[in-house]
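Heads up: numbering here begins at 1 and tracks the sequence.
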Amino acid sequence: MLDASLVISEFMAINDDTLETRIRTSVAHPWEDPIAPDWIEIHNPGAAEADLAGWKLRGDAETWTFPANTPIASGGYLLVMASNENITDPALDINGYLHTNFKLSGDGEYLALLRPDDSVAHAFAPAYPEQVEDVSYGTGGTTLVGDLLVSDTAPVEVLIPTDNTLGTTWTGGNEPFNEPGWIEGFAGVGYDTANGGAALDVKINFQPSGSSVPAGYLPDSGAIFANRGNGFSYGWNATTDETRDRNANGDQRYDTLNHLEKAAPRTWEIEVPNGTYDVLLVCGDPSNIDQINTMDVEGTILTDPDGGDNFDEYSPSVTVSDGRLTVKPASGSSNSKICFIDITSVGEPSYDLFIGTDVQAAMYQQTTSAYIRQSFPVVDPASYDSLSLNVRYDDGFVAYLNGVKIAEDNAPASPAYNSVATAKHDDALAVIPRQFDATPYLQHLQTGENVLAIHGLNHTADSTDFLMQARLLGNQTTTFGEQYYAAPTPEAANSEGALGLVADTRFSVDRGFKDAAFDVVLTTTTPDAEIRYTTDGSWPSETVGTVYSGSITISSTTALRAIAWKPGYLSTNVDTQTYLFLDDVIRKTGAGLPTVWGTTSSPDYAMDQEVVNDNIATIYDDLKAIPTVSLVTDIDNWFAPHPVGIYPVSKSMPTAVSMEFFTADGSEEFQIDGSAQIQGGGPYGTSADRWKSYKLSLRLKFTEEFGDPKLRFPIFGEDAADWFDTLILDAQLNHTWLHPSDDQRTTARYIQDQVMGDMQNALG
């Protein structure tokens, strides 16, 4: 059938590593190398299967037609590669994808899905906006927003009944209710005669929103800390949507991950009762070994023992005293990734942390029932499309909304004032909120005052504990307009994305050599966006750095870094501009820098003043005569003690850096984000005894994990290579003036090396 409701639900115009495939020219030929083409997702929201035969995809200049027998199931998704390969036989793609005869423009263009008669079923017109690498764009997804109608610490009225006089009049619907004998307090209601700790067992898997959830786990897809509506509140200090589902490991827990340091270091927290917990934390990546997973779990530092492996598993025992268990990268981490976390309380369970109204005197060894009423206002009941009740209980209950029963467990059919729970609900389960769907009773929610009433039931009167604590949420399903998705979901439903891109920051003064103080003005064209900046090499973020409020005066050598952000939008990347004052450079003393790193004491940071003074007439021009490279990162990433700084560390370890390249006249320049690590021979880097030189060689690498996947610039001239995965800044240990041996210093070969290099270039 032809279903007019088909839409282009998501597409990616600049795909670097989000999705790869392989093609071949015929079924008789081998598969070619992997490619990462643009892609377009078609969604069928209709109630019946549709056939796309004869339908078309149209870009600015090309139109491509779907082949015969291209079904798309009801509620299903179909992915098409926008590769310019024009493949209509799914046997020519290793994943069975079709390929259009055009690519997508990252700058924005018209994109439409046409019916066979060329009428437009759906279009991004007149053009979709500018796109971002590995960020998709598409129709708005939906998200469930919970409005907390009754909190688990809200005021309550409690009665321990002694007869059936009230019947069910106390359950609501007969307001006003002013019977005597009720006591006022706060949720939850209960008692615990024993002393114990918090009881908790929760498992969180970090994954893209469209991925399957491992059994027994709750998902986290990078959203900001909030009540998740599943009985727990958890999340990040800022949106952290660099999730991956690698499809490379049979255990889904190990196959999915979220980057903790992709854009900037992030912190994850979960609300838990204060107490001691056993934690199983697994970090890593089934597809890569380029991470150093040194982690901080509630102040306990977990050091990556070796790096260069897929996974690191940690099993600390930690104590929570502020109501939140916190996980974040520790000093020394690099490109850290988190897969899953299991959190289990230590010690016997206790209800003390959940009890706001203690009823031990009235219930223990006397009765098994408690009546609880909580009044709450509702402004617009029609604004909710679902209703959920989360309950902690020992051992049973019946819940009523305005006199209508909406949920129950372990309760008799007709509970009386002295009824008992029909079964026990173990203490370890009692403290984990259980969610009940109350949506069928949504029509009983009313404008104005409402009553949530609960009949709490204990299993026996001599039970040593009792607990009843409830939370009622009115849920609103929000649908978003066209959005950017930093966590793309090809062949799956869209989640909550970003409304747009924050326009890149602009610096009024470009990088380069300066000889007098000046002011720099930072701007972005996005209204209401906030700019944050740093001048110490550290990475600014939505929460780190100085809030820009006016021009910045630069009077000495400075690396100025800035980011612009706005709630609900994708933040800019971090821009870096290095300003060099040669008076600073030639008189540098090393003041303020570490005096020891590795096994080296008194490292030599300063320029040799004999060289400076002997060449003072030309040294300014000499330093400008060749292009300058500026590497910027937090100073600890260079020189902090093991295992943080790359100079002292006893192995080759990457750290994130910004690389700038510029000439004195500004005619050639670029800036790129990548990584730096110590380079050289021997088992540990520059040599087996790397400390024989104060200056170590550096390897610069350009990968998606640290920023840009390639450096695209003709750094060695227009006739040489114009893209690079790696560059080496060679400090030349042997036969240099820096070598500790006299015979090496007196045979320095800088000129010889240059002659040989020129000869090789001349020979082609």
Side-chain angles (χ1 to χ4, degrees), residues 146-190 354-359 362-363 367-393 396-409 411-419 433-458 466-476:
D147 186 4
L148 190 57
L149 302 176
V150 177
S151 78
D152 48 15
T153 58
V156 296
E157 294 179 294
V158 182
L159 177 71
I160 309 303
T162 56
D163 55 44
N164 267 329
T165 301
L166 293 178
T168 59
T169 59
W170 64 276
T171 61
N174 297 292
E175 306 308 306
F177 182 81
N178 296 311
E179 292 294 324
W182 292 71
I183 61 173
E184 296 182 353
F186 294 91
V189 176
F354 307 106
I355 295 173
T357 302
D358 193 307
V359 292
M363 285 191 69
T367 187
T368 54
S369 286
Y371 294 165
I372 304 163
R373 284 170 50 94
Q374 295 175 276
S375 298
F376 62 96
V378 173
V379 176
D380 182 13
S383 66
Y384 305 117
D385 47 39
S386 65
L387 198 63
S388 56
L389 179 71
N390 297 333
V391 190
R392 291 186 175 99
Y393 60 100
F397 75 95
V398 182
Y400 304 87
L401 174 61
N402 295 327
V404 177
K405 183 166 64 175
I406 62 171
E408 63 182 330
D409 192 41
S414 300
Y417 79 97
N418 58 353
S419 290
R434 180 178 171 186
Q435 182 167 306
F436 295 83
D437 182 13
T439 305
Y441 309 98
L442 190 58
Q443 70 271 25
H444 298 291
L445 205 61
Q446 59 193 28
T447 301
E449 287 300 308
N450 293 259
V451 174
L452 174 67
I454 296 179
H455 186 163
L457 301 165
N458 214 344
F466 170 69
L467 178 64
M468 185 55 53
Q469 186 183 46
R471 175 184 290 182
L472 184 67
L473 295 100
N475 303 308
Q476 301 168 316

| Once you round to the nearest 0.5 Å, how far does CD of E175 lie from OG1 of T169? | 9.5 Å

| Out of curiosity, D380 CG to T447 OG1, how far, rounded to the nearest 0.5 Å? | 6.5 Å

| task | Could you tell me the separation between the CD1 atom of I183 and the CD1 atom of I160, rounded to the nearest 0.5 Å? | result | 6.5 Å

| query | If you take all heavy atoms of A370 and M363, which pair is closest and at what distance? | reply | CB-SD, 4.0 Å

| field | Passing candidate, side-chain contact (heavy atoms from CB on, under 4.5 Å) with R392, options Q469, R434, M468 | value | Q469

| remark: Between P433 and N390 the two heavy atoms that sit nearest each other are CB-CB, 4.2 Å

| message | The test is side chain to side chain contact (heavy atoms under 4.5 Å, CB included); show your working for L387 and L473 and say whether it passes. | response | CA-CA 6 Å; L387 198 63; L473 295 100; over 6 Å; no

| message | Donor-acceptor pair, distance only, cut-off 3.5 Å: does the side chain of R471 make one with the backbone of V150? | response | no

| message | Within the 4.5 Å heavy-atom criterion, are F186 and D152 side-chain neighbours or not? | response | no

| message | Could you measure the distance from the CZ atom of F177 to the CD atom of E157? Nearest 0.5 Å is fine. | response | 8.0 Å

| Under the 3.5 angstrom rule, does the side chain of T368 hit a backbone N or O of S419 as a donor-acceptor pair? | yes

Review item, side-chain donor-acceptor pairs of residues 398-407, under 3.5 Å, at least two apart:
unit_1 : atom_1 : unit_2 : atom_2 : d
N402   : OD1    : V451   : N      : 2.8
N402   : ND2    : H444   : O      : 2.9
N402   : ND2    : N450   : OD1    : 2.8
K405   : NZ     : E408   : OE2    : 3.4

| remark: Interatomic distance, OG1@T168 vs CG@N174, rounded to 0.5 Å, equals 7.5 Å

| task | Begin with the C-alpha distance, continue with both residues' side-chain angles, and end with the deciding distance and a verdict on side chain to side chain contact (heavy atoms under 4.5 Å, CB included) for I355 and V189. | result | CA-CA 6 Å; I355 295 173; V189 176; over 6 Å; no

| said: Using every non-hydrogen atom in the two residues, find where A470 and L389 come nearest and quote the distance to one decimal. | reply: CB-CD1, 4.2 Å

| request: Scan side-chain atoms only and decide if S386 and N475 contain a donor-acceptor pair under the 3.5 Å cut-off. | output: yes

| query | Ignoring hydrogens and geometry, is there a side-chain-to-backbone donor-acceptor pair from S388 to D437 under 3.5 Å? | reply | no

| request: State, to 0.1 Å, how close P161 and S369 come at their nearest heavy-atom pair, and which atoms those are. | output: CD-O, 3.6 Å

| task | Quick one: pull up CG in D358 and CZ in F466 and give me the separation to the nearest 0.5 Å. | result | 11.0 Å

| request: For F376 and L149, work out which heavy atoms get closest and say how close. | output: CB-O, 3.5 Å

| For the student: nearest non-hydrogen atoms of Q374 and S151, plus distance | NE2-O, 3.9 Å

| Any donor-acceptor pair under 3.5 Å linking the side chain of E179 with the backbone of W182? | no

| field | side chain to side chain contact (heavy atoms under 4.5 Å, CB included) assessment of N164 paired with N418 | value | CA-CA 9 Å; N164 267 329; N418 58 353; 5.6 Å; no

| Are the ring centres of F436 and F397 closer than 6.0 Å? | yes

